[in-house]
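What follows is a set of notes on a single structure, which appears directly below.
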Amino acid sequence: MQQSKIAISRTETYCAHNYHPLPVVVSKAEGVWVWNPEGHRYLDMLSSYSAVNQGHNHPRIRAAAIDQLGRVPLTSRAFYNDRLGEFAEKLCTITRKDKILPMNTGTEAVETSLKIARKWGHTVKGVLENTAEIITFENNFHGRTISVISFSTEVQYRRGFGPFTPGFVRVPFGNIDALEQAITSRTVAVLVEPVQGEGGVIIPPDGYLRQMRRLCTKKQILMIADEVQTGLARTGRMFACDYEDVEPDMYVLGKALSGGFYPISAVAADDDIMQVITPGDHGSTFGGNPLAAAIGSTALDVIIEEHLAENAERMGIYFINALRNLNSPHVAEVRGKGLLIGVDIKPESGVAMDFCKKLMKQGILCKDTRKSTMRFSPPLTITKDELDWALERIAKVLT
Ligand SMILES: Cc1ncc(COP(=O)(O)O)c(C=O)c1O
């Protein structure tokens, strides 16, 4: 039997069915390209949900990982290691924050930011213990833990998983008045995705984040920017907040912090906030391990030294315009920032997944989000020639 068929059948037999993947098996990857076991090549336009901003298997990050594997991969935080400080300093410089708290997955970093915000609320702002409220947004996506799905508005993410964690309020995304009205004396933080990625690449109105920043400062509320997907050059700036010159109180980062080699996430904040965390308050066996730090440090170097934000902005503008110029009868809207791009399929044309399957047959991998949106988010190393290669094939499927 074909190797791909065997791999799919084994996965379906022995893994829980918590995903519905495209029927393609990846056994090798380099840059923007991936290959199946039979040697068929595809252009990856998903980048592992934006974890591979630097391109697959980046040689510099791979070399750093291999070098560190030969020394020491894991120490736990029971001891110091000789790599974490360097990585933390670099990430502090990039985020312009005093400290980071390293974790592993994006969801864990979100949870971490919520814990910091609650404790800051009680100990600094003076909100009565166990009464803090955090404002979140309709159509959000911040991960899958019980607390995080407690404020999801996606029915399937919540159905059957209650009871939920209290203390979260939801308001419409993009409406500053609704946000202002939701604030009470118990509000300690606002948790926002500067662009809602999983929610269908939803971009808020211009000035919204700046107004939010002003409101948070005025009301002594922490602004937490979940830039797990939008951060680290994806939208054409180091952080999507940079478009509005907004400095959130906390950045939540993950995905491309490792260039796809390893789960690495972090929260970055200034000392006046981070000081609420004391030994024993929070942690993770793997968080901040030397392998992660070596990989993360090099992954950040690659983003800066290869000018990935600039390329994402330039290629994003080119690609969005080209997609619009296809004038596809199936497309309701094309929108995006940098190389985080959503293409809405008209309801009468079917669901986005159908078009993703057709693109797969043309050698392009991408995935739907929220049923009606195709998301294009290729590695940020992609060139104009590679985008033209993709556009030729996308045109065949969409027109
Ligand atoms: C904005 C945002 N936050 C958090 C997460 C969760 O990250 P992870 O899947 O690494 O836990 C995601 C994942 O897509 C995300 O897009």
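Order of appearance sets the numbers: ligands from 1, and atoms from 1 within every ligand. Values in this document were obtained by computation on a predicted structure and should not be read as measured data.
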Which pairs of N or O atoms, one from ligand 1 and one from the protein, are separated by less than 3.5 Å, and what is the distance for each pair?
from     : atom 1 : to     : atom 2 : distance (Å)
ligand 1 : 3 (N)  : Asp226 : OD1    : 3.3
ligand 1 : 3 (N)  : Asp226 : OD2    : 2.7
ligand 1 : 10 (O) : Gly106 : N      : 2.9
ligand 1 : 11 (O) : Gly106 : N      : 3.4
ligand 1 : 11 (O) : Thr107 : N      : 2.9
ligand 1 : 11 (O) : Thr107 : OG1    : 2.4
ligand 1 : 14 (O) : Lys255 : NZ     : 2.8
ligand 1 : 16 (O) : Gln229 : NE2    : 2.9

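- Using a 4.5 Å heavy-atom threshold, the side chains of Phe137 and Glu193 count as separate.
- With a 4.5 Å cut-off on side-chain heavy atoms, Leu365 and Leu43 do not count as touching.
- Considering only heavy atoms from C-beta on, Ile304 comes within 4.5 Å of Ile94 through its side chain.
- Residue pairs meeting the salt bridge (Lys or Arg N to Asp or Glu O under 4.0 Å) criterion with at least one member in residues 128-153, sequence neighbours excluded: Glu133-Arg186.
- A distance of 6.0 Å or more separates the ring centres of His17 and Tyr19.
- Checked options Ile135, Thr153, Asn139; the residue passing with Arg170 is Thr153 (criterion: side-chain contact (heavy atoms from CB on, under 4.5 Å)).
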